[in-house]
Novice: 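Please see the structure below; I have some questions.
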2 protein chains.
Amino acid sequence: MPTIQEIAKLCKVSTSTVSRVLNNHPYVSEKIRREVLRVIEEMNYTPHFLARGLRTNSSKLLAVSVPKADHPFFAGLIKGISLQALESNYKVCVFQTFYCKENELELMKLLQNREVDGIILGALENLWDDIAPYLKRGPILMCNEFHETAQVPILCYNEFESGYTAVRHLIERGYRDIGFCFDTANSEAQNIRKKGYLAALADHNLPYREEWIFDGAFSILDGIRIMNRIHDLPEKKPAALFSGSDQVAAGLIKQAVNLGYSVPGDLAVIGYDNQPICRVTTPTITSIDIPVEQLGRKAVSRLLACLTEELPLKREVTLFPTELVVREST
Amino acid sequence: MPTIQEIAKLCKVSTSTVSRVLNNHPYVSEKIRREVLRVIEEMNYTPHFLARGLRTNSSKLLAVSVPKADHPFFAGLIKGISLQALESNYKVCVFQTFYCKENELELMKLLQNREVDGIILGALENLWDDIAPYLKRGPILMCNEFHETAQVPILCYNEFESGYTAVRHLIERGYRDIGFCFDTANSEAQNIRKKGYLAALADHNLPYREEWIFDGAFSILDGIRIMNRIHDLPEKKPAALFSGSDQVAAGLIKQAVNLGYSVPGDLAVIGYDNQPICRVTTPTITSIDIPVEQLGRKAVSRLLACLTEELPLKREVTLFPTELVVREST
DNA sequence: TTGAAAGCGGTACCAG
DNA sequence: CTGGTACCGCTTTCAA
C-alpha cells in the first residue's frame, strides 16, 4: 500500500503538498494539484484512516446502543442512523446491551478510548448519573428514551400524549376496562407512557386494577404468556389492552383468538410502533406510529452538529409527532 | 486525557515499561508492574485506540454488509455477528447496500483505507470479480450467499435441499400446482433454491409455469401485490406457493384471505427463515428454519481466525442445517 | 505557493 | 529486566 511519502516522492513534492491536495487546501498550484491527483489515481492511493484519525483525533465512528439489534423497532432505528451517518461519512457501530447495565458501561469505554466519536443511546439501562461522567469524553445523545434532567439532547416523542391517545381511542370505542402491557419500569419513557394511560382512565372516571398491568412484555411469546394469565384471572378481566409493543400485541391477539375470544369483540388490543406486523395479523392491529427512521436520522445530524461545530452539549428535548393508526383490533 | 508518557513520568519508568505492563508482557518486575497499574488506575488512563491501531495496523472493527438493517433476517444476522465480535473485542460496523452495487463497492473502500479489518458480506450485489481485488486489502467472507468459485470462506446452507424439501412438503400435502416467489435473480443462493424447487417438481412429474414464478418479492407489501396478480391470472392459478421469505408469505396469506381464499384449502403457502411473524398470522406459517444467529457467530469466528492467525484466505464452504417447521398454512 | 520538521500516542527492536 | 528511540502515516505550524 502506497503512503503519502511515496506519492510525494513520485511527484517530486513534499508530503505537505500532497496532504494539501488531499484535503482540498487552497494555495496549491493547479499544475501540481493535477500531477498529484494523477499519481494518486495511478497508484490507487487512499489515505490511511487510522493515521489521519490519530492526527485529527477522530475515528469517524459513531456507536448506537440498543437492547437487541433484531428487535423490529431498534432495527428500524439502526437503519435510520446508519443511513444518515453514511451520508456524512461516518460509520456506525452497533452495540447491544441485552438490557444489561454492564454492557452499557462497557460501551462508554469506547468513548473514553476514542474508539468512537460519539454515542447514541437508543435505550438507557444505567442511572443517568453513572453515564454522565463520560460526557467529558465525547458527546452522548438520548434517542427514544427520556430523562428528567440529563444535560444532553433528547430525541423522543410525547409518550404521555401517545399513551393518552391510545387509551382515549379505546374509551371512544366503548371499552371501559383497560389493561396495560409494558416492558420495564426502568424506562422513564415507559413510565411516562403509563402516566398517560392512567390519566386517560382517570379523566374518564374509569377503574384501573393492578392485575391488569403487565410488565416484562417484550416479545410475541410474552404476549402469549400474558394472554394466558389474563385468561386465568380469577376476577374481572380487562376488555381492552394497551400494549407497548406491536409484537406483544400480535402475541396477545393470536393467543386470545386461540382461547376462543373474539377480537376486538371480547378483547380489543392496541399496539405501539406501527410495525409491518400490524398489517398481517387477523385482525390487523391498531397502533401508534412512531417516525423511527426520522428519529434515527435526526439523532445523527444532532450528534454531528456537536462534533463538528464543537457545540457544547446541552439539554434540548426534541419531540417527534406520533399518530394513531386505526385497524381492526379495536 | 493522560498519555503513556505521563504515566511513565509519574512512575519514573520508560514508556516501554508502561507499554509492557499494558500488554501483559513478561519481564516486568512485580514491583514496577504494580506501581504502574496503580498510577494507571489513579489517573484513569486508557490507551488511545487510534494510536495503538496505527502501530499495530488494526482497527478492531469489522464491517457487515446487509441490504437493509431492518429486514428481520438481516437484523438477526447483525445480532449474531455483533454478539460474537464483542466477545473477541471487535466492534461491528453496519453497512447497508439497499440492494445497490455502488454502495457495496463503497464498503470495499473501508477495507482499502484500513477503516475496518475485515468484511462479512451478508449478500452480494456486485459480480464477484469486482469484489475479489479487494481481497488483497483484507479478509472478506460470504455469509448467507453463495458463489461457485470465490476463493473465500462461504457460510451458507444447502439452498437446493431446503428448496427441494419445502416443495416436497407441499407435494406430500397433495398440492400439484406450485408457484415460487423469490427476491432477485442476482442472488446465486436464490437461483440454487429455485433449482431445488424445479427439481422437486420434475422428480414428481409436476407441471411448472413461468407465470407462477414471481421475483421482486421482498416484503409484506410485495406479498400482497403478488397475491393480487395471482388472483387476476387468466388461466390456471397455483394451488400452493413456496415463498422465499416469511414476510412475503405473510402478505400472500393476508391478501389471499382478504380475497376470499381459504388457506391452506385453496392456497397453501410456505415461508422461509422461520421468523417470529410465522406464529402470529392466521393461519400460522409453515417455514424453513435457518440458524441465522449461529451463521453470524460463525462468520465472525472464521473471519477472526484469518485475521489473528494470518491464515491465507481460501475457499471453504460451510453448510448449516435447515429445518422444515410445519404450521397451519400448508 | 512550497517544504522541513514536529508531533499525534503508542509499540517494539536493540542495547545494556 | 529496563530504557532509548525509531517508527506507524498523516496533518499542521513555521519559515522560506
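Values reported hereafter were calculated over all heavy atoms of this structure, with side chains retained and with hydrogens, waters and symmetry mates removed. We name chains A, B, ... by the order of the sequence lines, and we start the count at 1 in each one. These figures come from a predicted structure and were not determined experimentally.
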Novice: Under 4.0 angstrom, heavy atoms only, what part of the nucleic acid is V18(A) near: base, sugar-phosphate, or nothing?
Specialist: nothing
Novice: Rounded to whole Å, how long is the line connecting atom CG of N57(B) with atom C1' of dC10(D)?
Specialist: 14 Å
Novice: Can you find a side chain N or O atom of T3(A) that sits less than 4.0 Å from OP1 or OP2 on dG9(D)?
Specialist: no
Novice: Could you tell me whether R33(A) sits above the aromatic face of Y27(A), with NZ or CZ closer than 6.0 angstrom to the six-membered ring centre and within 45 degrees of the axis?
Specialist: no
Novice: Between E87(B) and R297(B), does at least one N-O distance fall below 4.0 Å, as a salt bridge requires?
Specialist: yes
Novice: Nearest-nucleotide wise, let me know which of T17(B) and L54(B) is further upstream toward the 5' end of DNA chain D.
Specialist: T17(B)
Novice: Tell me the interatomic distance from Y27(A), atom OH, to dC14(D), atom P, rounded to whole angstroms.
Specialist: 16 Å
Novice: Can you tell me how far P of dC8(D) sits from CD1 of I4(A), to the nearest Å?
Specialist: 14 Å
Novice: For DNA chain D, whose closest nucleotide is more 5', that of S29(B) or that of P2(A)?
Specialist: S29(B)
Novice: Counting distance alone, no hydrogens or angles: does the base of dC7(D) have a donor or acceptor under 3.5 Å from a partner atom on the side chain of R55(B)?
Specialist: yes
Novice: How do I32(A) and S16(B) order along DNA chain C: which one's closest nucleotide is nearer the 5' end?
Specialist: I32(A)
Novice: Nearest-Å distance, CD (Q5(B)) to P (dT5(D))?
Specialist: 14 Å
Novice: What's the NE2-P distance between H25(A) and dC14(D), to the nearest Å?
Specialist: 15 Å
Novice: Output yes when R38(B) and E35(B) qualify as a salt bridge under the 4.0 Å nitrogen-oxygen rule, no when they do not.
Specialist: yes
Novice: What is the distance, to the nearest angstrom, from the CD atom on E6(A) to the C1' atom on dC10(D)?
Specialist: 13 Å
Novice: So which atom in V116(A) and which in A63(A) form the shortest heavy-atom distance, rounded to 0.1 Å?
Specialist: CG1-CB, 4.0 Å
Novice: Of all nucleotides in DNA chain C with an atom under 4.0 Å from a non-hydrogen atom of chain A, which is the first and which the last going 5' to 3'?
Specialist: dT1(C) to dG9(C)
Novice: When we call it a touch if two heavy atoms are under 4.0 Å apart, what does Y45(B) touch: a base, just sugar-phosphate, or nothing?
Specialist: sugar-phosphate
Novice: Please indicate whether E30(A) has more than 12 foreign heavy atoms, meaning atoms of other residues, nucleotides or ligands, lying under 6.0 Å from its CD.
Specialist: yes
Novice: Could you state the atom-to-atom distance from CD1 of I7(A) to C1' of dC10(D) in whole Å?
Specialist: 13 Å
Novice: Using a strict threshold of under 4.0 Å (side-chain N to carboxylate O), is an ion pair present between R302(A) and E316(A)?
Specialist: yes
Novice: To the nearest angstrom, how far is H48(A) atom NE2 from dC8(D) atom C1'?
Specialist: 7 Å
Novice: When you check the side-chain N and O atoms of E145(A) and S187(A), is any donor under 3.5 Å from an acceptor?
Specialist: yes
